[in-house]
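Only one structure is covered here, and it is reproduced in the block below.
To find a chain, count down the sequence lines: A is the first, B the second, and so on, and within it residues start at 1. Remember, it's a predicted structure, so these values are computed and weren't measured experimentally. Note: hydrogens, waters and symmetry copies are ignored here, and every other heavy atom, side chains too, is used.
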Amino acid sequence: MQLFKEHELKVTNSLSGKKEVFKPIKEGYVGMYVCGPTVYSNVHLGNCRTFMSFDMIFRYFKHLGYKVRYVRNITDAGHLENDADEGEDKIAKKAKLEQIEPMEVVQRYTVDFHETIKKLNLLPPSIEPTATGHIIEQIEIIKEILDKGFAYVVNGSVYFDVVTFNESNDYGKLSGRKLEDMIANTRELTAQGEKKNPQDFALWKKAEPQHIMRWPSPWGDGFPGWHLECTAMSTKYLGENFDIHGGGMDLKFPHHECEIAQAEARCGQTPVNYWLHANMLTLNGKKMSKSTGNNIYPSEMFSGENDILSKPFSPSVVRFFMMQAHYTSILDLSNDALLASEKGYTKLMEAMGSLDGLNGGNNSDFEVMAWKANCYAAMNDDFNTPILIAHLFEAVKHINLIKEGKEQLIKKDLELLKATMNSFVYDVLGLIDSAANQDDSASLEGVVQLLINLRNQARENKDFATSDTIRDELLALGIQLKDGKDGTTFSIVS
RNA sequence: GGCAUCGUGGCCGAGUGGCUAGGCACAGCUCUGCAAAAGCUUGUACAGCGGUUCGAAUCCGCUCGAUGCCUCCA
């Protein structure tokens, strides 16, 4: 199904700062690159939000019928700790601290990353390349940039010449900066050493003898510079000009700006048509920071082992919470906000559970076609998941009314409603019904049904003491009974 | 200090020149043995001060505040 032919999708392009109609380079195909994690420590929640935002975008493109190649890298070569004399690889530094091999650190935190995002139901990207696996490609790009005259070699290192580049190109167009202003505002901190200009950045850095991660190159043993890996991997798998490049807002400058410069210097054309930036996640209104303690890891949220939140929150609830905010907005995480989201999530999932048991009627009290169009309109407007969710709750209301027999839908409309809800809730938003996924659900169901029957017998005998005991004890165990027109049902509450 | 984004009702969070966001919480009602769940009803918010306009939360200016970047960072 090539839904994209009937939907005009708009995306916020950071290059223009405006919403633009998305037109892929090749009809029906989307190439998307997203800057992945640096695997030198546990992935944190802010990272997860960014990757989740692009996961949702990936999912929606696929839902529209595009063939998507989604490349998200693993940065396992680390970045420079300092851009001056003490060039030291971040991963190498951590390794020394812990007295283990750099690749052991990489492996450990790559596993942590994968486990965490799997819990959050992120789809694997089409390609997940590593920086260390693309050293040769990076060296080749440096050669090309040197040949074009946009870089220079100093003492075994290679630097990108921003000033020369700016004479023929526009350095700063993504982040709205002017090179002249940046030069004027340069802080007079440490001496610049090898660089001609403080704005220049390393393409290749000479490795000191104690540096563990090192590769041979035409300029001596060393390691690739800050921004090069993304240029190497994005162009290798997506081409010199591709559709979408994404990442967190904090990467806009200098990382993405430098990527543009490298690619333009090398190929003479702009690498990316649409730059998408996901916004930050704050915690209790403040930025997350390990040093101040205003920080929480995903595993701590899921387990409840933290001093910030009153209870554990399931990955599904966290995902729903994040989908309730637009990806370009700052989102503030707090206990109250999560509690509210958890209730909303439960309400949505219970309606999803009711949906299957609904039967068609003689006429339709709810215009499903128009509602469906609204859902698509929301997503087509720069992936507006909060608006989509608002529409989903509109459907929840009708689902509950139909369940109670107060409204009805003809079979065809009901089928359309089911299909559309399933698409958006599970495929696009990537939500999972965590209660339905629990083990032993069949036997649990039998046990609770038994208690429901006993309670109803007690109620018929007006033995309310017994019936209320059953109800209240079950609730204390996290099982809530719901008396409806057609008998009693139950759901798992936390 | 510079650049950027933003500041919405009790909480979270959309919208963005005139028309209902939505969720959670609160209150009333229906249902119920009582509750819960579900449904219905109610909320006239847009940081402050000026300006543009017939009309601004929405555009412009200033002030204050928050967040991000300017140094590895989603």
Q) NA contact type, A/Ser329, heavy-atom cut-off 4.0 Å: base, sugar-phosphate, or nothing? A) sugar-phosphate
Q. Start at the 5' end of RNA chain B and walk down; is the nucleotide closest to A/Val396 or to A/Lys19 reached first?
A. A/Lys19
Q: Evaluate the side-chain proximity of A/His245 to A/Glu259: yes if any heavy-atom separation is below 4.5 Å, no if none is.
A: yes
Q: To the nearest 0.5 angstrom, please state how far the NZ atom of A/Lys287 sits from the CG atom of A/Asn295.
A: 12.0 Å
Q | Nearest atoms (heavy-atom pairs only) where A/Ala325 meets A/Thr385 | A | O-OG1, 3.5 Å
Q. So, does the side chain of A/Arg177 form a donor-acceptor pair with the base of B/C69 at under 3.5 Å?
A. yes
Q. Mind checking who B/G39 pairs with, Watson-Crick or G-U wobble, both distances under 3.5 Å?
A. B/C29
Q | Of the listed nucleotides B/C69, B/G15, B/C12, the one nearest the side chain of A/Phe321 | A | B/C12
Q. In whole Å, what separates the P atom of B/G15 from that of B/U53?
A. 29 Å
Q) Which whole-number value in Å describes the distance from A/Leu281 CG to B/U5 C1'? A) 16 Å
(Q) If I take atom CG in residue A/Asn73 and atom C1' in nucleotide B/C73, what distance separates them, rounded to the nearest angstrom? (A) 13 Å
**Q.** Under 3.5 Å on both distances, the Watson-Crick or G-U partner of B/U71
**A.** none
Q | A/Lys397 side-chain N/O to B/C40 phosphate OP1/OP2 under 4.0 Å | A | yes
Q: Name the nucleic acid region contacted by A/Leu475, choosing base, sugar-phosphate or nothing; use a 4.0 angstrom heavy-atom cut-off, strictly under.
A: nothing
Q) How far does CG of A/Leu251 sit from CD of A/Glu257, to the nearest 0.5 angstrom? A) 12.5 Å
Q.
Using Watson-Crick or G-U wobble geometry with both distances under 3.5 Å, which nucleotide pairs with B/A56?
A. none
Q) Given that A/Asp381 and A/Phe253 both sit by RNA chain B, which one's nearest nucleotide is further toward the 5' end? A) A/Asp381
Q.
If I pick the P atom on B/G33 and the same atom on B/A25, what distance separates them, to the nearest angstrom?
A. 25 Å
(Q) Let's test your reading of the model: under 3.5 Å, does the base of B/A36 pair with the side chain of A/Arg471 as donor and acceptor? (A) no
**Q.** A/Asn400 vs B/G39: side-chain N/O to OP1/OP2 distance below 4.0 Å
**A.** yes
Q) At under 4.0 Å between heavy atoms, what does A/Gly36 touch on the DNA or RNA strands: base, sugar-phosphate, or nothing? A) sugar-phosphate
Q: For A/Lys286, report the nucleic acid contact type (base, sugar-phosphate, nothing); a contact means any heavy atom under 4.0 Å.
A: sugar-phosphate
Q: Remember a base hit wins even if backbone is also touched, and classify A/Arg459 as base, sugar-phosphate or nothing at under 4.0 Å, heavy atoms.
A: base
Q: Answer yes or no: does a side-chain N or O of A/Thr328 lie under 4.0 Å from OP1 or OP2 of B/U5?
A: no
Q. Between A/Arg59 and A/Asp55, is the closest basic N to carboxylate O distance under 4.0 Å?
A. yes
Q: Looking only at side-chain atoms of A/Asp332, point me to the closest of B/C73, B/G13, B/A37.
A: B/G13
Q. With a 4.0 Å cut-off on heavy atoms, is A/Gly176 in touch with a base, just the backbone sugar-phosphate, or nothing at all?
A. sugar-phosphate
Nucleotides 63-65 of chain B: which of its N/O atoms have a protein N/O under 3.5 Å away?
none

Q. Hey, what's the ring geometry for A/Phe424 with A/Tyr376, parallel, tilted or perpendicular (30° and 60° as the breaks)?
A. perpendicular
Q) Are A/Lys418 and A/Asp356 close enough, and set up right, to give a salt bridge (charged side-chain N to carboxylate O under 4.0 Å, His left out), and what steps lead you there? A) CA-CA 8 Å; A/Lys418 285 180 188 175; A/Asp356 282 334; 5.1 Å; no
Heteroatom pairs (N/O) under 3.5 angstrom, protein to nucleotides 18-29 of chain B:
from: B/A25; atom 1: OP1; to: A/Lys343; atom 2: NZ; distance (Å): 2.7

Q: Among the candidates B/C12, B/A14, B/C69, find the nucleotide nearest to the side-chain atoms of A/His326.
A: B/A14
Q: Give me the ring orientation class for A/Phe366 and A/His398: parallel if the planes are under 30° apart, tilted from 30 to 60°, perpendicular past 60°.
A: parallel
Q: For A/Ala278, report the nucleic acid contact type (base, sugar-phosphate, nothing); a contact means any heavy atom under 4.0 Å.
A: nothing
Q: Kindly give the heavy-atom pair with the smallest separation between A/Cys35 and A/Phe51, and that separation in Å.
A: O-CE2, 3.2 Å
Q.
Under 4.0 Å, counting only non-hydrogen atoms across every strand here, what does A/His277 touch: a base, just sugar-phosphate, or nothing?
A. nothing
